[in-house]
Amino acid sequence: MKVFYEDILICEVLTNRSLTVDEALELIGFDEEKFKADNGFDDIDYNDFRLEY
């Protein structure tokens with residue numbers, strides 16, 4: 001599955017079960033502060049994350 005924030009690909013995760021966005025981000029050790037700094041965001045909205053299988 002792929003994890004996106006808006007149109008930005010965060011990661012690809014290989015799994016044998018369905019995951020929530022929170023589970024996928026935890027699995028990859030998502031660093032919110034680094035992501036915001038790297039992409040010029042002041043804040044992010046977790047509702048803008050999506051998964052594609």
Side-chain angles (χ1 to χ4, degrees):
M1 96 178 80
K2 295 179 182 181
V3 181
F4 289 89
Y5 181 77
E6 295 176 347
D7 290 332
I8 301 169
L9 177 64
I10 303 296
C11 69
E12 292 186 47
V13 178
L14 295 175
T15 181
N16 61 354
R17 68 179 187 91
S18 295
L19 296 175
T20 65
V21 168
D22 289 336
E23 289 172 326
L25 293 176
E26 183 176 329
L27 186 65
I28 65 160
F30 179 69
D31 184 342
E32 181 179 336
E33 294 304 316
K34 180 175 179 348
F35 177 76
K36 289 189 301 188
D38 289 350
N39 292 284
F41 294 119
D42 292 328
D43 199 15
I44 58 175
D45 182 351
Y46 276 83
N47 292 318
D48 289 335
F49 283 96
R50 64 182 163 76
L51 301 175
E52 286 187 7
Y53 291 91

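Residues Y53 and V13 share a single hydrophobic cluster, defined by chaining ILVMFWY side chains whose heavy atoms lie under 4.5 Å apart. Side-chain heavy atoms closer than 4.5 Å link hydrophobic residues (I, L, V, M, F, W, Y) into clusters, and following such links, possibly through other members, connects L25 to L51. Both Y46 and I8 belong to a single network of hydrophobic side chains, linked directly or stepwise wherever heavy atoms of I, L, V, M, F, W or Y lie under 4.5 Å apart.
Judged by distance alone, with hydrogens and angles left aside, the side-chain atoms of Y5 form a donor-acceptor pair with the main-chain N or O of D45 at under 3.5 Å.
Contact of the D43 side chain with the K36 side chain is registered, since non-hydrogen atoms from C-beta on lie closer than 4.5 Å.
Looking at every heavy atom in both residues, I44 comes nearest to E32 through CD1-CG, 3.5 Å. Nearest heavy atoms, R17 versus T15: O-CG2, 3.1 Å. Shown here for F4 and K2, the closest heavy-atom pair between the two residues is CE1-CB, 3.6 Å. The minimum heavy-atom distance linking V3 with A24 is given by the pair CG2-CB, 3.8 Å.
For D38, the salt bridge (charged side-chain N to carboxylate O under 4.0 Å, His left out) criterion is met by K34, not counting sequence neighbours. Partners of D7 by salt bridge (charged side-chain N to carboxylate O under 4.0 Å, His left out), not counting sequence neighbours, listed by chain and number: R50.
Atom CD of E26 has 12 or fewer heavy atoms from other residues, nucleotides or ligands within 6.0 Å.
Taking CE from M1 and CD from E12, the interatomic distance works out to 11.0 Å, rounded to the nearest 0.5 Å.
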